[in-house]
*Asks:* 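First the structure, which I've put down as structure tokens, then a few questions once you've had a look.
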Amino acid sequence: MLLIVYHSATGGTRAMAEAALHGARAEGQDRLLHAAEAGPADLEGAGGYLFAAPENLASLAGVMKDFFDRTYYPVLDRLQGRPYAAMVCAGSDGQGAARQIARIATGWRLREVAPPLIVCTRAQTPEAILAPKTIPEPDLARCRELGAALAAGLALGIF
Ligand SMILES: Cc1cc2nc3c(=O)[nH]c(=O)nc-3n(C[C@H](O)[C@H](O)[C@H](O)COP(=O)(O)O)c2cc1C
């Protein structure tokens, strides 16, 4: 089972995570949890992961970081070899958040099975940053495809 864990303040990452869920559902796999609701048992019970987060201040958004902080040690040495991928919603960069997820996943000995999918909303001013986000359809399609690919790989046991 594919577990998608996400956080979103202005809706961009949520739209990306829901698109990935849509793709995964088409392959018969789905579980979407907000970062604040997800815990160690959810991680242990899943076969693979899609982590989706905004980039804030060149880092993972705090709510997503808190998810990793709460779960990192309880599941350390229990997830080795499981596949994962990451999605980041950012204003203009996203690399810092993607790197942080990769380092955490390396500590868990997860296997990255797709490069990070970064969507930039081009929000620069305070007004634009705080406004609700609309993710363009081509980007949502990439998220759907990533969710479907992860789910299909898990279902077929090819990871
Ligand atoms: C406090 C704060 C800091 C941010 N810092 C960055 C940043 O360092 N790099 C970047 O590319 N975007 C940054 N952004 C922009 C967000 O990543 C962008 O608005 C994104 O769409 C948020 O995702 P969400 O709609 O899922 O909340 C920041 C936004 C906020 C609120």
Side-chain angles (χ1 to χ4, degrees), residues 1-27 29-43 45-46 48-72 75 79 82-108 110 112-151 154:
M1 196 258 314
L2 176 69
L3 172 66
I4 304 171
V5 182
Y6 80 100
H7 169 65
S8 183
T10 52
T13 316
R14 190 178 63 238
M16 292 169 64
E18 284 172 353
L21 178 73
H22 190 76
R25 270 201 184 133
E27 301 294 330
Q29 307 254 335
D30 66 84
R31 185 136 198 250
L32 177 73
L33 285 179
H34 185 264
E37 295 164 0
D42 301 305
L43 285 164
Y49 313 98
L50 180 54
F51 302 118
E55 176 167 279
N56 283 2
L57 307 176
S59 303
L60 267 178
V63 176
M64 194 71 183
K65 177 67 164 36
D66 175 69
F67 156 71
F68 286 119
D69 288 350
R70 285 186 291 104
T71 57
Y72 187 81
V75 301
L79 310 180
R82 297 186 194 181
Y84 89 97
M87 300 193 301
V88 173
C89 188
S92 55
D93 187 352
Q95 298 292 339
R99 255 195 315 273
Q100 268 185 307
I101 294 174
R103 290 192 67 166
I104 293 162
T106 298
W108 274 340
L110 300 180
E112 185 184 62
V113 294
L117 194 168
I118 298 175
V119 173
C120 288
T121 56
R122 302 285 156 219
Q124 304 276 2
T125 63
E127 292 74 19
I129 294 250
L130 297 175
K133 302 295 182 292
T134 303
I135 306 299
E137 174 50 35
D139 290 325
L140 292 178
R142 291 161 65 210
C143 300
R144 272 196 302 275
E145 281 160 22
L146 179 57
L150 285 170
L154 276 173

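Scope of the values below: all heavy atoms of this structure, side chains included, with no hydrogens, waters or symmetry mates. Residue indices begin at 1 and follow the sequence shown. Order of appearance sets the numbers: ligands from 1, and atoms from 1 within every ligand.
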*Asks:* By number and element, which atoms of ligand 1 are closer than 4.0 Å to a non-hydrogen atom of Ser92?
*Replies:* 10 (C), 11 (O)

*Asks:* Need the ligand 1 atom indices (1-based, order shown) with element for anything under 4.0 Å from a heavy-atom of Gly91.
*Replies:* 10 (C), 11 (O), 12 (N), 15 (C), 16 (C), 17 (O), 18 (C)

*Asks:* Nearest protein heavy atom to atom 22 (C) of ligand 1, by residue and atom, and its distance?
*Replies:* Pro54 CB, 3.7 Å

*Asks:* Is it true that a side-chain atom of Glu27 and a backbone atom of Ala151 form a donor plus acceptor pair closer than 3.5 Å?
*Replies:* no

*Asks:* Considering the heavy atoms of Cys89, write down every atom of ligand 1 situated less than 4.0 Å from one of them.
*Replies:* 17 (O), 20 (C), 21 (O), 23 (O)

*Asks:* Which heavy atom of the protein is the closest neighbour of atom 31 (C) of ligand 1, given with residue, atom name and distance?
*Replies:* Ile129 CG2, 3.6 Å

*Asks:* Please state which protein non-hydrogen atom is closest to atom 25 (O) of ligand 1 and give its distance, to 0.1 Å?
*Replies:* Thr10 OG1, 2.6 Å

*Asks:* Can you label the angle between the Phe67 ring and the Trp108 ring as parallel, tilted or perpendicular, going by 30° and 60°?
*Replies:* perpendicular

*Asks:* Less than 4.0 angstrom from a charged side-chain N to a carboxylate O is my criterion; do Arg99 and Glu55 meet it?
*Replies:* no

*Asks:* List ligand 1 atoms under 4.0 Å from Gly12, heavy atoms only on the residue side.
*Replies:* 24 (P), 25 (O), 26 (O)

*Asks:* List ligand 1 atoms under 4.0 Å from Ala58, heavy atoms only on the residue side.
*Replies:* 7 (C), 8 (O)

*Asks:* Measuring from atom 9 (N) of ligand 1, which candidate in Met87, Met64, Glu55 has the nearest non-hydrogen atom?
*Replies:* Glu55

*Asks:* Does His34 reach the side chain of Val63, with side-chain heavy atoms less than 4.5 Å apart?
*Replies:* yes

*Asks:* Run the side chain to side chain contact (heavy atoms under 4.5 Å, CB included) test on Leu79 and Tyr84 for me, step by step, so that the C-alpha distance in whole Å, both residues' side-chain angles and the decisive distance to 0.1 Å come before the verdict.
*Replies:* CA-CA 11 Å; Leu79 310 180; Tyr84 89 97; over 6 Å; no

*Asks:* Considering heavy atoms of the protein only, find what lies nearest to atom 19 (O) of ligand 1 and give residue, atom and distance to 0.1 Å.
*Replies:* Lys133 CE, 3.4 Å

*Asks:* Look at the side chain of Thr121 and the backbone N and O of Ala90, then say whether any donor-acceptor pair between them is shorter than 3.5 Å.
*Replies:* yes

*Asks:* Measure from the side-chain N and O atoms of Tyr49 to the backbone N and O of Leu43, and report whether any donor-acceptor pair falls under 3.5 Å.
*Replies:* yes

*Asks:* Between Asn56 and ligand 1, which residue portion shows a heavy-atom distance shorter than 4.0 Å: side chain, backbone, both, or neither?
*Replies:* both

*Asks:* Heavy-atom contacts with Thr13 under 4.0 Å: which atoms of ligand 1 show up? List them by number with element.
*Replies:* 23 (O), 24 (P), 26 (O)

*Asks:* Is the closest N or O pair between Ala9 and ligand 1 shorter than 3.5 Å?
*Replies:* yes

*Asks:* Kindly say whether Ala38 contributes a backbone atom to a donor-acceptor pair with the side chain of Arg70 at under 3.5 angstrom?
*Replies:* yes

*Asks:* So do the side chains of Leu110 and Phe51 get within less than 4.5 Å of each other, counting heavy atoms only?
*Replies:* yes

*Asks:* Counting only nitrogen or oxygen atoms and a 3.5 angstrom limit, does Asp93 reach ligand 1?
*Replies:* yes

*Asks:* Would you mind running through ligand 1 and noting each atom that sits below 4.0 Å from a heavy atom of Leu57?
*Replies:* 3 (C), 4 (C), 5 (N), 6 (C), 7 (C), 8 (O)

*Asks:* Step by step, work out the salt bridge (Lys or Arg N to Asp or Glu O under 4.0 Å) result for Arg25 and Glu18.
*Replies:* CA-CA 10 Å; Arg25 270 201 184 133; Glu18 284 172 353; over 6 Å; no

